[in-house]
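Everything below concerns the one structure shown next.
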Amino acid sequence: MVDQRLLDETHRILGDRSRKILITGGTGFVGSQLARCLAEAGHDVTALGRNKYRTHRTNHPNIRLIQCDIRDTDSVVSACERQELVYHAAALTSPWGSRKLFQQINVEGTRNIVLGCTRHAVQRLVHVSSTSIFFDFKDMLSQSDDAPYASPQACAYSESKRDAERVVFEANRNGLFTFTVRARAVFGVGDSSMFPRLIEAAKSGRLRQIGNGDNYVDLTYIDNLVLALVLAAERGRTGGICTITNGEPVLLWKLLPEVFERLGIRYRGKQISYRLLQSIVSVSERIHQWIPMLAEPKLTRYTVGLLAKNQVFDLTAARRDLAYRPIVTMREGIERTIDEMRRSEIVPAMKTVSLRCFTTGYAEGNRRFVERTSANKQTRFHTLVGLVEHPTMGLTLFDTGYAPRLLETSSFSGGIYRRVLPVATNYALAISSQLRELGIEPGDISRVLISHFHPDHIAGLKDFPKADFIASQTAWRSIRNRKGLRALRYAYLPELLPADFEKRLHLIESFADSPRGTLGGNHDLFGDGSIRLFELPGHAAGQMGALLQTSVLTRDFLVADAAWTSSAIREQVMPHAITRSFVHSFVDIRQTLGKLSMFSKQFPDDRLLPTHCPEVAFRYEFDQLASRLLNG
């Protein structure tokens, strides 16, 4: 729902005539908020977005979504046809990443939108840029828009945003009407970046106050940025540029503890020297550059600088050219954001899904290994696969379990895995075969949720050639590019992944963030609460579970290998120390068990379903099914 003040301002600025407006990055935080505002004001909006799992953000009769990569020149140019106004908000935003990828998306993508606007005679292009182009690891206390770019640029992201601005300026010199709005530290309801990242760091105990904490920073509430973008549709001179903030600089390290306290997060407030931390992070960055499989470091020099330096911007150009005045104060914006974050996942979803559980085979082992207080007893540990049906989004699998492909791998690592963990499975038990018996072809499966990348969860992925793959970024990065024994150390067999796996992969971090509660933040798969994805770390890096609204009042929680048994969750029993050889983190296992136990007590009617739990296997008669299919 768009704030009435923002809606009133939009009507006043743009009038009552419906306009045809294109927004790139239309499923992102800024683009989707802008699209919703313009649509509710009566305009004909086309939202260009790559992530189809964010389409719920643009659900409005006045919004038409085109799934498109900004690097696809033909599609982008075509989307500009018959548009009066174009907003270019699409960008890859990250403090770390490939310079080549930043250039492809942020610079060449801008060239594509400029080409489309020029070819189809678009009346005005409003470009969303970033104040990162000024950041040079020094204090900025009244940074004006006519200041020179930082040299060198602080990171590949800021460099690409600088180069994108140059593309827009060149287009303006060639006759295209352009206006550039530089966004600064945007936050608000729906943001999955700024405050959520700081909150997660504080909850994990990793956040330190950098320096003496007396640095002032400008922030921007999302409604104020949207207002500025609407103003830029009518006001401003061609080729103009301005920075948008709330105009109320805050002491960052005074604000953050207040936010954490309101959210019930314990923050120790420990300090670390800026120079010391930058030295440590510089070494870390070099290591991560030398060893690409380590992916993004937990901190970068750029991030540390942003958290430690004064960053205050002069709004003269915004006030002069756009007559910009914020409509939401910092205090109100912070209150709104905190109120949303304090909402619990206790609120049931209006949309429900159905769940059907299957076994794809089992391994036998000593129960004491997975629940160290148990008696020595050989136990069958089945591997559960969940088939989830959504009323409009179709069929989803939670993992694929065992498959004969696991028994047929010819790699040395595969042989070791089979000797260490003998598996009872066959073609009849493969989930693809069981689905066919129900009249469901592999091509009917729209997506597979991958809890983590151990073989007993991904062995059947190749059987689903049309499915999207959903996983956490942490899980993917932990195993990506690992091969041979180095992969086996993470209980991962890369030969089990389809050749086009990465093309079909969608990371949960790009989905909608839902309210935080007992288990922390979660990611709403469809934006309707029916399937919420939680990270449940410990057994594997980035492991995730799926909370399913299976009836109006009750839910099923597929918790993967957060615990091997239900009793381990109830009694918070850790696995045997011998499992340290292949699990990711005993510390994280303990924390996750504690959260799941608390969740179970808070919601006693919800069912927690560990993938290998004997109680779950008994409930769904997995032994009988496996015996019939193994012997039939």
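Quick note: residue numbers are just sequence positions, from 1.
- Ring pair F501/W476 is tilted by interplanar angle, where 30° to 60° counts as tilted.
- Between the side chains of E495 and S411, at least one donor-acceptor pair of N or O atoms lies under 3.5 Å.
- Between F599 and F557, the ring center distance clears the sub-6.0 Å criterion.
- Atom-to-atom distance recorded for L387:CG and I431:CD1 is 7.0 Å, nearest 0.5 angstrom.
- Side-chain polar atoms of H454 and H539 form a donor-acceptor pair below 3.5 angstrom.
- Using a 4.5 Å heavy-atom threshold, the side chains of T93 and F102 count as separate.
- Considering CG of L429 and CG of L630, their distance stands at 4.5 Å, rounded to 0.5 Å.
- V616 and S566 make their closest contact through CG2-OG, 4.2 Å (heavy atoms, listed as atom of the first residue, atom of the second, distance).
- The closest donor-acceptor contact from the side chain of D500 to the backbone of K503 lies at 3.5 Å or more, if one exists at all.
- In this structure, CZ in R82 is found 12.5 Å from CG in L22, a value given to the nearest 0.5 Å.
- Within the 4.5 Å cutoff, no side-chain heavy atoms of T383 are placed close to those of F622.
- Looking at S18 and D44, their side chains never bring a donor and an acceptor atom within 3.5 Å of each other.
- For the atom pair T400 OG1 and L461 CG, the distance stands at 4.5 Å (nearest 0.5 Å).
- Residues T474 and P537 are not in side-chain contact: their nearest non-hydrogen atoms beyond the backbone lie 4.5 Å or more apart.
- A donor-acceptor pair under 3.5 Å is formed between the side chain of Q434 and the backbone N or O of T359.
- Defined by atom type and a distance below 3.5 Å, a donor-acceptor pair is missing between the side-chain atoms of Y492 and R482.
- Using a 4.5 Å cut-off on side-chain heavy atoms (C-beta onward), L558 and L384 make contact.
- The pair R405-E408 does not count as a salt bridge, with every side-chain nitrogen at least 4.0 angstrom from each carboxylate oxygen.
- Under the 3.5 Å distance criterion, with hydrogens and angles disregarded, a donor-acceptor pair is assigned to the side chains of H382 and D623.
- S160 places a side-chain N or O within 3.5 Å of a backbone atom of Y157 that can act as its donor or acceptor partner.
- With hydrogens and angles ignored, the 3.5 Å screen pairs no side-chain donor or acceptor of E108 with any backbone N or O of T110.
- Smallest separation of non-hydrogen atoms from L593 and A563: CD2-CB, 3.8 Å.
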(request) Before giving the answer on side chain to side chain contact (heavy atoms under 4.5 Å, CB included), spell out for I445 and L435 the whole-Å C-alpha distance, their side-chain angles and the decisive distance to 0.1 Å. (result) CA-CA 10 Å; I445 300 298; L435 292 177; 3.9 Å; yes
(request) Verify side chain to side chain contact (heavy atoms under 4.5 Å, CB included) between L547 and I531, making sure each step is shown before the conclusion. (result) CA-CA 6 Å; L547 182 65; I531 302 179; over 6 Å; no
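- Rounded to the nearest 0.5 Å, atoms CG (D191) and OG1 (T337) are 8.0 Å apart.
- Within the cation-pi definition used here (under 6.0 Å to the ring centroid, within 45° of the axis), R447 does not qualify as a partner of F469.
- Put simply, the side chain of L449 reaches to within 4.5 Å of the side chain of L525, judged on heavy atoms.
- More than 12 heavy-atom neighbours from other residues, nucleotides or ligands sit within 6.0 angstrom of CZ on R619.
- No more than 12 heavy-atom neighbours from other residues, nucleotides or ligands sit within 6.0 angstrom of NZ on K483.
- Looking at every heavy atom in both residues, L533 comes nearest to A546 through CD2-CB, 3.8 Å.
- Taking the side-chain hydrogen bond (donor to acceptor under 3.5 Å, both in side chains) definition, one finds that E81 meets it with nothing, sequence neighbours left out.
- Side chain to side chain, D561 and H457 meet the donor-acceptor criterion of an N or O pair below 3.5 Å.
- Listed for the S478 side chain is a donor-acceptor partner under 3.5 Å among the backbone atoms of A475.
- With S32 contributing its side chain and G28 its backbone, the two residues share a donor-acceptor pair below 3.5 Å.
- Of the possible donor and acceptor atoms, one in the side chain of T565 sits under 3.5 Å from a partner among the backbone N and O of A568.
- Inspection of the T409 and R418 side chains reveals an N or O donor paired with an N or O acceptor under 3.5 Å.
- The OH atom of Y427 lies 10.0 Å from the OG atom of S432; values are rounded to the nearest 0.5 Å.
- Between the side chain of T592 and the backbone N or O of D588 there is at least one donor-acceptor pair closer than 3.5 Å.
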(request) Mind running side chain to side chain contact (heavy atoms under 4.5 Å, CB included) on V559 and L536 for me, showing each step along the way? (result) CA-CA 8 Å; V559 299; L536 303 174; 4.0 Å; yes
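- Proximity of a side-chain donor or acceptor of T24 to a complementary backbone N or O of A90 within less than 3.5 Å is detected.
- Within the 4.5 Å cutoff, side-chain heavy atoms of H390 are placed close to those of K351.
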(request) Take Y620 and F358, measure what side chain to side chain contact (heavy atoms under 4.5 Å, CB included) needs, and give me the verdict at the end. (result) CA-CA 8 Å; Y620 291 106; F358 302 81; over 6 Å; no
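- Smallest separation of non-hydrogen atoms from L553 and D606: O-OD1, 4.4 Å.
- Here the side chains of F398 and S451 are in contact, with some heavy-atom distance below 4.5 Å.
- Y417 places no side-chain N or O within donor-acceptor distance of the main-chain N or O of A491, the cut-off being under 3.5 Å.
- The cationic group of R555 lies under 6.0 Å from the six-membered ring centre of F603 and within 45° of the ring axis, placing it in a cation-pi geometry.
- When all heavy atoms of G42 and N62 are compared, the closest pair comes out as CA-ND2, 3.8 Å.
- Side-chain contact between I450 and I470: absent, with no pair of heavy atoms (C-beta onward) separated by less than 4.5 Å.
- Contact detail for T360 and G401: the closest heavy-atom pair is OG1-CA, 3.5 Å.
- Residues D605 and T554 bring no donor and acceptor atom of their side chains to less than 3.5 Å of each other.
- With respect to E441 and R436, a salt bridge is recorded, a charged nitrogen being found less than 4.0 Å from a carboxylate O.
- Side-chain rings of F187 and F195 approach one another, their centers coming within less than 6.0 Å.
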